[in-house]
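Atom set for the values below is all heavy atoms of this structure, side chains included, hydrogens, waters and symmetry mates excluded. Index from 1, following the sequence.
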Amino acid sequence: MKSNSPVDRMIRIGTLAGKGPKTAEYIRGLIPLGFESFQINFWQTLGDANLKKMAEEVRPLVEKSGTVVSSLGMFGNPLGDKEIDEVTRKGWEATIDAAPDFGCDMVCGFAGRVVNKPVPESIARFKEVFSRLTERAAKKNVRIAFENCPMGGTWETGDWNIAFNPDGWELIFEAVPAKNMGLEWEPCHQMCQLIDPLPQLKEWAHKVFHLHGKDASIYRDVIARHGVTGKVPFVEHRHPGFGDTNWTDVFSILRKAGYQGTVDIEGWHDPVYKDDLEMTGQVHALNYLKHCRGGDYVPAIPGF
């Protein structure tokens with residue numbers, strides 16, 4: 001999704017809006033709050049959603065409001081050998097085929113994992129699955145981006161995703177050197193691994209296709225007393241504006257790298273702004289991120 005509109009030049013700020021058959025209704029409620037883009041996400045299956053019907057409902061809404069669908073999301077384990085994993089793979093194919101109907105050019109999700117094996121032992125399977133999917137996507141001018149979430153996994157074992165840190169990224173991009181394959185990045189998942197996210201973003205920004213707007217708070221006092229594997233959580237996921245990340249620096253790094261895309265807030269994780277405060281937290285994050293990106297676009301004075 002590339003455009004020369006003023007909003008796109010400022011990097012759009014949006015949110016996740018995957019609500020199955022009610023997605024269009026949900027987006028209709030989000031637009032007046034000031035969100036500028038929407039990722040429509042699915043968990044493991046498309047469920048009751050009809051992508052053709054959904055696109056027909058959603059596209060007029062976003063076109064009329066000047067907002068966009070940034071991407072579709074298909075989250076599951078596309079490398080697995082269970083029946084549900086085959087459904088996830090079919091979901092990847094369906095969302096790749098449907099993305100242009102939504103006016104977007106990207107499908108995001110997990111890279112998958114051979115369950116309970118070290119990361120390198122998933123690479124052959126990854127190459128088998130995503131060589132085919134990236135080729136399918138390229139024919140439709142669609143990009144694929146992997147979220148950097150460990151999903152509780154480590155280098156040695158896990159259930160969902162091998163694309164959670166740079167060591168994994170190097171392996172997958174070497175295995176499938178497709179230009180239309182990149183990252184869906186957020187600082188939160190790196191901070192939860194005690195990785196400093198900003199130097200990482202500087203190094204990897206050229207492969208970042210999409211951002212989730214999610215932050216984290218790291219509690220150094222907890223680490224000092226209980227460590228990182230004790231009974232007291234040392235880190236919590238937060239809405240941007242309530243966590244530790246300097247998002248002004250995030251936007252500066254993205255601009256220097258020539259990023260053209262969106263930051264879509266991934267809500268429903270904040271331990272404070274949740275339940276009846278969920279949208280309060282999300283709208284605060286929306287306004288905070290708009291400020292961090294430099295405010296609204298201001299055109300140059302003609303002739304100067």
Side-chain angles (χ1 to χ4, degrees), residues 1-17 27 30-31 34-41 58-59 62-63 65-73 95-96 98-109 134 137-148 163 169 173 177-187 190 197-214 240 245-266 285-300:
M1 179 198 68
K2 292 185 178 181
S3 167
N4 288 320
S5 79
V7 176
D8 290 328
R9 279 181 245 175
M10 295 306 295
I11 304 176
R12 289 174 179 266
I13 313 299
T15 190
L16 273 58
I27 288 176
L30 290 170
I31 288 172
F35 294 100
E36 301 164 343
S37 60
F38 308 100
Q39 180 181 74
I40 299 174
N41 54 308
V58 168
R59 194 157 184 177
V62 297
E63 288 179 348
S65 63
T67 60
V68 298
V69 174
S70 65
S71 53
L72 304 181
T95 48
I96 287 169
D101 295 335
F102 288 85
C104 73
D105 71 345
M106 187 158 37
V107 176
C108 304
T134 53
K139 292 176 181 177
K140 295 182 175 293
N141 295 316
V142 170
R143 298 175 292 163
I144 285 173
F146 299 120
E147 185 177 3
N148 59 345
W169 303 341
F173 290 130
K179 292 182 179 180
N180 66 325
M181 192 177 81
L183 301 173
E184 178 178 69
W185 187 87
E186 66 176 64
Q190 302 309 283
L198 296 186
Q200 181 189 89
L201 181 60
K202 289 179 182 179
E203 180 180 357
W204 287 90
H206 67 289
K207 291 298 285 184
V208 172
F209 291 173
H210 184 249
L211 271 80
H212 272 166
K214 183 147 62 71
T245 300
N246 185 332
W247 284 87
T248 301
D249 284 351
V250 170
F251 282 102
S252 294
I253 294 167
L254 292 174
R255 290 191 188 287
K256 287 180 179 180
Y259 179 75
Q260 290 185 313
T262 72
V263 178
D264 291 323
I265 295 162
E266 183 183 356
L286 169 69
N287 293 327
Y288 169 77
L289 291 175
K290 286 181 177 180
H291 173 76
C292 290
R293 75 178 176 189
D296 294 330
Y297 174 71
V298 179

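The side-chain heavy atoms of L201 and L254, taken from C-beta on, include a pair separated by under 4.5 Å. A 4.5 Å side-chain heavy-atom check between N148 and E186 finds at least one atom pair inside the cut-off. Between L289 and I11, the closest side-chain pair of non-hydrogen atoms is not below 4.5 Å.
Note that CZ of R255 and CZ of R293 are 8.0 Å apart. Values are rounded to the nearest 0.5 Å. T248 OG1 to H291 NE2: the interatomic distance, rounded to the nearest 0.5 Å, is 6.0 Å. Here NZ of K207 is found 10.0 Å from CZ of F146. Values are rounded to the nearest 0.5 Å. Of the inter-residue distances, the one linking E147 atom CD with C108 atom SG reads 8.5 Å to the nearest 0.5 angstrom. Note that CG of L16 is 10.0 Å distant from NZ of K214, once rounded to the nearest 0.5 Å. In this structure, the separation between CZ on F35 and OG1 on T67 is 11.5 Å, given to the nearest 0.5 Å.
Across V263, L30, I27, a single residue satisfies side-chain contact (heavy atoms from CB on, under 4.5 Å) together with T15, and that is L30. Only one option out of D264, T262, V250 pairs with L211 in a side-chain contact (heavy atoms from CB on, under 4.5 Å); it is V250.
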TODO: Show the numbers, then the answer: is there a side-chain contact (heavy atoms from CB on, under 4.5 Å) between I40 and T95?
DONE: CA-CA 10 Å; I40 299 174; T95 48; over 6 Å; no
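Between W169 and W204, the gap from one ring centroid to the other is short of 6.0 Å.
Nearest heavy-atom pair across A99 and V142 is CB-CG2, 4.1 Å. Across W185 and P197, no two heavy atoms sit closer than the pair CZ2-O, 3.4 Å. In this structure, V69 and C104 approach most closely via the heavy-atom pair O-CB, 3.1 Å. Shortest non-hydrogen contact noted between I253 and K202 is CD1-CG, 3.7 Å. Taking each heavy atom of L286 and G34 in turn, the nearest pair found is CD2-C, 3.6 Å. Contact between F209 and K179 at its shortest, heavy atoms only, is CZ-O, 3.6 Å.
In this structure, a donor-acceptor pair under 3.5 Å is absent between the side chains of N180 and T134. The closest side-chain donor-acceptor pair between S71 and Q39 falls under 3.5 angstrom.
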